[in-house]
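Worksheet: one structure, shown below.
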Amino acid sequence: MVYEIKLEIFEGPLDLLLHLINKNEVDIFDIPIATIADQYLEYIEMMKVLNINVAGDFLLMASTLVHLKSKMLLPESNDDTVDEDLHNEIVRPLLEYMSYREIAGDLSERDLLERDVFCRQVPLDFRSHIKEEGAPLDVNLFQLIDAFKQVMDRTLPGVQLQLRLEQWSVKEKIEHIITCLKEKGTMLFVQLFVEDRVVSEYIVTFLALLELVHMGLVRIFQSTPHSDIKLTPCFEED
Amino acid sequence: MDMSLNLIIEALLFASDKPLTILDIQSALPEEDSTRISEAIKELQEEYDSMARSFLLKEVAGGYQFRTQSQYAPYILQMLKTSPARLSRAALETLAIVAYKQPVLRQEIERLRGVDVGGILRTLLEKGVLRIVGRKNLPGRPLLYGTTKKFLEVFDLKNLQSLPKLKEIKELGTEEDQGTAVIEEGQGNETGDEQTAVDTEKSTEEGPSDPSEN
Amino acid sequence: MDMSLNLIIEALLFASDKPLTILDIQSALPEEDSTRISEAIKELQEEYDSMARSFLLKEVAGGYQFRTQSQYAPYILQMLKTSPARLSRAALETLAIVAYKQPVLRQEIERLRGVDVGGILRTLLEKGVLRIVGRKNLPGRPLLYGTTKKFLEVFDLKNLQSLPKLKEIKELGTEEDQGTAVIEEGQGNETGDEQTAVDTEKSTEEGPSDPSEN
């Protein structure tokens, strides 16, 4: 038997379910759950055989389907509760998904800018024209975040350089920690890093703390796992 | 010099790469009142419709813009040497959900689509068709997403009300109510004009999910 | 469909930001020979001359371009002056640093950006998105910078707390192919129609041609 192999992309479990329902030409309000569940599992199996990474979402739906199928087969099962589960876990999500999918289809049929229709392109020299003082700014939040990300990404590779310049020395940080502990008595571990700006500074602070513990000047406590780590001084007040 | 109001407005629209609102036009023509401006625009629209040129004056995203007719797209794409702007089906579905449910949590989009949408959200934010509108008053203060003016521009929509109506969902009853999104109120948030300009676009056909505006 | 050569050329000229040469036009219309194209352009020019609109088809720099007539320039300039201003990359980065690190010293901004930011800070202060929030208790009492209410307006934020954290954006991840491929066996089942109909729109997000550029 010759098989025609057709590659389909499914966006998710609902997409696959919908495909099976269409393929079997069944009513969404009257889904033959056993058949659909079997076919769904066959697909998942096939994906595994083909070494296609099966996302967790697909497996979750698979277990829901299997659960429903087994419930249905149980002699003492109550039809009403099965129907209710089927409605809540399969039918309703499918209906919702279908309605949004339809909207998505409608959207893509519209005259899309720069696919179907084009607007005027204003020459660059127009854009750089001097603006009035109060002119609004043409910038969005994502651009702002992205700019910050770029700055931070650029800053991090500089870590080694900064260490070599000894912008922060372990000695200074030791003094800083001692000063803080003298002021406050007990401190939380996280408070040590409040003023630190970049990774290299965190590292130096941490090294300083280790050094202090090693010298027996600071003790570290944690009452329970995941609780706050506390630091107490073991030196004389002067 | 022969300069009718219509032709001045035409020149402004022709020289702009963004849709112009009546207000935008008025800022260049402070003596004109807005009804005269909208009349002039209507006349221009009719004129271009009847002239049957390659472009028309369209109403999009709360403003007006000259746009080419779709049958010329293949030639223009050829000239620009680009492939047409495309959105994947996943992106379109995500946009559809955000458009109707906004302000909406990522988690809710994922519930409706049945899959992770993090990467798609990021792409759509980058493209400027979605934006972060605030945070929901829930543990972790998760971000709420909404559509932008650019969304309307890209999809040739006058406003959010002109989105196609959501059909099936009505028969689904009420359990759908996932609580009301509360956008964080700030102290001193007279986030004035800009804010309200965007807010006017906001609304959905199936009202319940959008009580969040102040 | 009614698409004369003239109208195709008109559409090309309309959608181009620079003058088009005959050769440029020919690249979109390979079957047309250059004399027919130049004839068409001549006809378009005459047509626009006689229509007396606000713009004309002019020959410039060896090519052709639609240009608004000079008497409309004052209105267009006025519009451009009040139209949204873009921020330079440097300004955007500086603004971003202040937004996330405020209150912040100029010295700290310069450390992060690696360059002098005096001029940019001044510009951002003038634009009203930054302000001086105080002085730090350090030798020389250096100035501390922070954002303003206008900053919130520009970015449509209720308050500074709703500024998304870098971590939250990183958590969205990137969009690898989130679809899952499945091989279907069986010969030509028609039920796949809907499927394939939608599939044709599918394509990658990161094509060079997204329309989203702000």
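Convention: sequence-line order gives letters A, B, ...; per-chain numbering from 1.
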| note | Of all heavy-atom pairs linking A:R115 and B:A73, the shortest is O-CB, 3.4 Å
| A:A104 and B:A96: which non-hydrogen atoms are nearest, and at how many Å? | N-CB, 4.0 Å
| Non-hydrogen atoms of chain A under 4.5 Å away: do they reach the side chain of B:Q65, the backbone, both or neither? | side chain
| field | B:R67 side chain reached by A:L113 side chain, heavy atoms, under 4.5 Å | value | yes
| said: Does B:K18 form a side-chain contact (heavy atoms from CB on, under 4.5 Å) with A:D138? I'd like the steps, not just the answer. | reply: CA-CA 11 Å; B:K18 286 254 144 60; A:D138 181 13; 4.3 Å; yes
| task | Could you check if a side-chain atom of B:V115 sits within less than 4.5 angstrom of a side-chain atom of A:P13, using non-hydrogen atoms only? | result | yes
| task | Would you give the length of the straight line joining atom CZ of A:R110 to atom OG of B:S162, rounded to the nearest 0.5 angstrom? | result | 6.5 Å
| note | On a heavy-atom basis, the closest approach of B:E126 and A:F142 is CG-CE2, 2.9 Å
| query | CG/B:D116 to CG/A:D57 distance, rounded to the nearest 0.5 angstrom? | reply | 7.0 Å
| said: Between B:L125 and A:L141, is there a side-chain heavy-atom distance shorter than 4.5 Å? | reply: no
| task | Find the distance between SG (A:C119) and CZ (B:F55) and round it off to the nearest 0.5 Å. | result | 12.5 Å
| Would you call A:F118 and B:L80 a side-chain contact if the rule is heavy atoms closer than 4.5 Å? | yes
| said: Please classify the contact between B:Q69 and chain A as side chain, backbone, both or neither, with a heavy-atom cut-off of under 4.5 Å. | reply: backbone
| query | Is any side-chain heavy atom of A:R120 closer than 4.5 Å to a side-chain heavy atom of B:L13? | reply | no
| Over 12 foreign heavy atoms within 6.0 Å of CD, B:Q107 | no
| 4.5 Å side-chain heavy-atom contact, A:E96 and B:R111 | yes
| Interface moiety of B:S27 toward chain A, non-hydrogen atoms closer than 4.5 Å | neither
| request: Report yes if some heavy atom in the side chain of B:L112 is under 4.5 Å from a heavy atom in the side chain of A:Y100; otherwise report no. | output: yes
| field | Interatomic spacing from OG1 in B:T68 to CD in A:E114 - rounded to 0.5 Å | value | 10.0 Å
| field | Contacting moiety of A:L14, where chain B heavy atoms sit under 4.5 Å | value | side chain
| field | Pairwise distance CG(A:L107) to CZ(B:F151) - rounded to 0.5 angstrom | value | 5.0 Å
| What closest approach, in Å, do B:L92 and A:S108 show between heavy atoms, and which atom pair accounts for it? | CD1-CB, 3.4 Å
| note | Most heavy-atom pairs under 4.5 Å with chain A, out of B:L95, B:L56, B:D156, belong to B:D156
| request: Could you tell me which portion of B:F14 (side chain, backbone, both or neither) has an atom closer than 4.5 angstrom to a non-hydrogen atom of chain A? | output: both
| field | Lys/Arg N to Asp/Glu carboxylate O, A:D15 vs B:R89, below 4.0 Å | value | yes
